[in-house]
Amino acid sequence: MGTEVLGFVVTLTLLFCMAQGEVRYYDYVVKETPIQVLCGTNQTVLTVNGMFPGPEIHAHKGDTIWVNVTNTGPYGVTIHWHGVRQIKYPWSDGPEYITQCPIATNSSFLQKIILTEEEGTLWWHAHSDWTRATIHGAIIISPVNGTSYPYKFDEQHTVVISEWYARDTKDIIDEALASGGDPDLSVAFTINGHPGDTYSCSDDSIYNLTVVQGKTYLLKIIHAGLNEEMFFGIAEHNITVVGMDGAYLKPLNTNYLMITPGQTMDVLVTANQTSGRYYMVFSPFTDTNAPSNNNVTRGIFQYSSYNQSETPALPELPGSTNKSDAGNFTIQLRSLNSAEHPSTVPTSITRNVTITVSVNQQPCPANQTCTGPDGSMHSASLNNISFSNPSISILQAYYNNINDTYNKTFPDSPPFVFDFTGNVSAIGEVANVSTEVLMIDHNDEVEIIFQGTNLGAAENHPMHLHGYSFYVVGMGDGNFSDSYISDYNLVDPPYVNTVGLPKNGWTVIRFKADNPGVWFMHCHLERHASWGMAMVLVVKNGVNEDDRVLPPPDDFPTCSGS
């Protein structure tokens with residue numbers, strides 16, 4: 001769906017001769033575009049270059065990409081390059097009021113995307129309000145010229161799962177935050193912009209992938225949805241997972257995936273079954289009592305020779321509340337850990353942090369009617385702190401030594417300890433609303449234990465860290481215990497930027513704090529992030545000039561009064 005890509009790619013080696021790889025340039029225009037997905041919903045939504053999903057970026061490992069983002073929409077937006085480390089250059093990372101202020105209407109920002117170790121599939125998306133619902137697209141990073149993938153395939157295709165809403169997403173979240181209630185659910189899921197044949201009036205809008213008998217296909221799957229986690233499968237075909245979040249994995253043969261918002265997966269599928277038509281299905285994983293969209297979306301994996309009249313076969317996917325199958329898939333993932341792509345898991349930890357992840361409630365303000373649980377307001381927190389956006393970006397404040405924008409007091413451990421995953425009926429659900437950052441020394445070897453809690457509507461939380469990928473060294477159910485440390489995988493844990501924290505469980509990640517700057521960490525379920533399930537890491541500059549945050553660009557979007 002959508003119009004031709006307006007962006008273009010040129011090599012600018014004369015102008016940008018300092019880049020290590022090639023230099024590529026794209027033009028992105030954020031604009032209102034009429035898009036028809038379901039009957040009677042020819043909506044006007046924000047897009048990039050009139051496309052849903054947006055244009056793909058193609059590059060090689062180590063390239064530098066310049067994207068000139070021009071905003072012609074009705075309000076400010078930001079763009080985030082999800083999974084790109086942006087070494088020493090947080091200025092283009094994108095989250096509003098964290099690293100920049102929104103790009104104002106009728107203005108532009110030339111964003112610099114610095115690729116280093118990333119290889120595989122990443123993605124870009126808006127990082128302001130809920131505009132990423134329709135502003136998103138793929139980043140396809142091929143190996144350096146002269147090198148090859150650690151697996152073989154014949155063709156590659158991008159598969160983007162998205163959520164479609166019946167009305168403007170900014171209105172939805174603005175109203176929900178004002179009332180304290182639940183935001184509207186999406187009304188459909190789409191595959192590459194197509195809702196599939198499970199929805200009224202959408203039979204002629206289904207994603208079809210035509211394959212040739214005997215060929216192997218690399219599917220680059222991106223979960224761009226806002227609030228629903230997904231199982232995925234293709235009827236009667238096995239899937240081999242070979243990459244995730246811009247890094248390679250040991251091949252994992254499976255008949256389904258569990259993928260959360262924010263994650264990307266590279267999978268191989270061989271067309272080795274009887275010629276015919278087979279459904280590829282995304283089905284929600286909703287192990288929670290929170291409101292959820294339980295629809296499914298379907299595409300068709302069809303052989304080049306098939307009987308048009310035959311009904312496609314359906315895959316057998318786990319049930320929507322099957323926490324066991326969701327967890328069993330995730331714990332099987334392993335880094336490739338080869339000579340060309342080694343694992344370098346930190347083993348001399350110098351900074352230990354434990355973070356509780358909770359859904360909370362806030363009391364309704366005086367003289368206001370709230371629509372949250374029992375007349376309260378929905379909230380969410382990390383270590384009982386519900387994140388509040390400042391009025392200028394934290395990066396601006398940090399770089400320019402502006403006081404009173406944030407506090408440097410995010411705690412290394414929960415403020416009080418209780419049976420996190422047990423009966424919490426006697427525990428208050430009110431969190432402290434504040435703008436807190438966690439200060440980390442340059443080159444610290446960091447371990448973070450995420451601990452889920454049973455407060456509010458407990459569920460799986462996909463936690464995403466900007467500026468870093470990290471090793472997932474441990475995961476389990478219940479409350480974390482030091483006795484689990486001996487079971488850590490310190491050899492070949494997956495190296496990712498987004499990880500699912502199991503409902504009422506724990507996850508442990510490790511990374512070396514070698515990228516100075518201001519970096520956002522948040523749940524990638526958009527309603528939870530909007531309620532405050534977020535915090536900021538400030539990684540300090542190193543002692544050497546090469547270990548310091550680079551200066552800001554001249555056209556950096558700033559806030560009024562800064």
Side-chain angles (χ1 to χ4, degrees), residues 5 7-13 16 19-26 28 48 53-67 69 79-89 92-94 111-125 136-160 192 217-224 241-251 259 262-268 333 335-338 340-344 464-470 494-498 515:
V5 180
F8 59 92
V9 184
V10 295
T11 303
L12 302 175
T13 52
F16 301 111
Q20 294 187 1
E22 287 190 45
V23 179
R24 303 170 184 271
Y25 186 91
Y26 288 79
Y28 276 15
V48 165
E56 293 187 0
I57 289 175
H58 289 261
H60 289 273
K61 180 179 179 179
D63 286 355
T64 298
I65 304 161
W66 293 84
V67 182
V69 180
I79 305 290
H80 167 55
W81 318 96
H82 185 112
V84 179
R85 294 197 61 196
Q86 295 287 73
I87 300 297
K88 299 186 295 184
Y89 199 74
S92 284
D93 190 49
Q111 295 189 247
K112 182 180 182 182
I113 297 95
I114 304 169
L115 299 179
T116 50
E117 64 184 27
E118 304 89 354
E119 190 170 336
T121 304
L122 296 174
W123 65 301
W124 58 267
H125 60 82
H136 57 253
I139 304 175
I140 309 300
I141 307 168
S142 301
V144 174
N145 284 325
T147 64
S148 60
Y149 294 91
Y151 47 79
K152 296 185 182 298
F153 60 94
D154 297 295
E155 291 181 19
Q156 61 179 325
H157 297 270
T158 305
V159 177
V160 181
N192 290 349
Y217 296 83
L218 172 62
L219 304 185
K220 308 177 90 59
I221 300 174
I222 298 167
H223 194 331
V241 188
V242 292
M244 184 173 177
D245 287 2
Y248 295 118
L249 296 171
K250 286 183 171 67
I259 185 168
Q263 291 181 331
T264 67
M265 291 186 186
D266 292 337
V267 306
L268 300 176
L333 301 173
S335 288
L336 186 59
N337 193 23
S338 65
E340 296 80 12
H341 305 280
S343 295
T344 54
H464 172 53
L465 175 59
H466 293 225
Y468 289 87
S469 285
F470 47 77
Y495 188 58
V496 298
N497 61 61
T498 306
N515 188 15

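Residue numbers start at 1 and run along the sequence shown. The structure presented is a predicted model; accordingly, all values stated were derived computationally and were not measured.
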Looking at Met265 and Gln263, what are the two nearest heavy atoms and their distance? CE-OE1, 3.9 Å
Just do the side chain to side chain contact (heavy atoms under 4.5 Å, CB included) check on Val84 and Leu115 with the steps written out, would you? CA-CA 6 Å; Val84 179; Leu115 299 179; 4.0 Å; yes
Could you check if a side-chain atom of Val242 sits within less than 4.5 angstrom of a side-chain atom of Leu249, using non-hydrogen atoms only? no
His82 vs His125 aromatic rings, parallel, tilted or perpendicular, using cut-offs 30° and 60°? tilted
May I ask you to test the Ile140-Gln156 pair for a side-chain heavy-atom distance under 4.5 Å? yes
Apply side chain to side chain contact (heavy atoms under 4.5 Å, CB included) to His60 and Val144, showing your working. CA-CA 5 Å; His60 289 273; Val144 174; 5.7 Å; no
If I take atom NZ from residue Lys61 and atom OG1 from residue Thr147, how far apart are they, to the nearest 0.5 angstrom? 7.5 Å
Identify the two heavy atoms, one from Ile113 and one from Gln111, that lie closest to each other, and give their separation to 0.1 Å. CD1-O, 3.6 Å
Roughly how far, to the nearest 0.5 Å, is the CD1 atom of Ile141 from the CG atom of Leu122? 4.5 Å
Begin from the C-alpha positions of Val67 and Trp124 and carry the test side chain to side chain contact (heavy atoms under 4.5 Å, CB included) through to its verdict. CA-CA 11 Å; Val67 182; Trp124 58 267; over 6 Å; no
Do Glu118 and Trp81 come within less than 4.5 Å of each other through their side chains, counting heavy atoms only? no
For Ile65 and Ala59 the tightest heavy-atom approach is CD1-CB, 3.8 Å
Please report the interatomic distance OH(Tyr26) to CH2(Trp66), rounded to the nearest 0.5 Å. 15.5 Å
Decide yes or no for Glu22 and Asn145: does some side-chain heavy atom of the first lie under 4.5 Å from some side-chain heavy atom of the second? yes
List the atom of Ser92, the atom of Gln86, and the distance in Å for their closest heavy-atom pair. CB-NE2, 3.3 Å
Would you say Asn497 and Tyr468 make side-chain contact, with heavy atoms under 4.5 Å? no
About how many Å separate CG of Leu333 and CE of Met244, when rounded to the nearest 0.5 Å? 5.5 Å
Would you mind reporting whether Tyr28 and Ile57 have side-chain heavy atoms less than 4.5 Å apart? yes
Is there a side-chain contact between Asp245 and Ser469 (heavy atoms, below 4.5 Å)? no
Heavy-atom donor-acceptor pair, Asp154 side chain to Tyr217 backbone, under 3.5 Å: no
I need the Glu119 CD to Glu340 CD distance, nearest 0.5 Å. 10.5 Å
CG (Asp63) and CD1 (Ile114) are apart, to the nearest 0.5 Å, by 12.5 Å
Taking Pro342's backbone N and O only, do any of them form a donor-acceptor pair with Asn337's side chain (distance below 3.5 Å, no angle check)? no
Closest heavy-atom pair and its distance - Arg24, His58: CD-O, 3.3 Å
Using the six-membered ring wherever Trp is involved, compare the ring planes of His341 and Tyr248 and label them parallel, tilted or perpendicular (cut-offs 30° and 60°). perpendicular
Determine, step by step, whether Lys220 and Thr264 satisfy the side chain to side chain contact (heavy atoms under 4.5 Å, CB included) criterion, reporting the C-alpha distance in whole Å, the side-chain angles of both residues, the deciding distance to 0.1 Å, and the verdict. CA-CA 7 Å; Lys220 308 177 90 59; Thr264 67; over 6 Å; no
Where Tyr149 and Ser142 come nearest, the two heavy atoms and their spacing: OH-OG, 3.4 Å
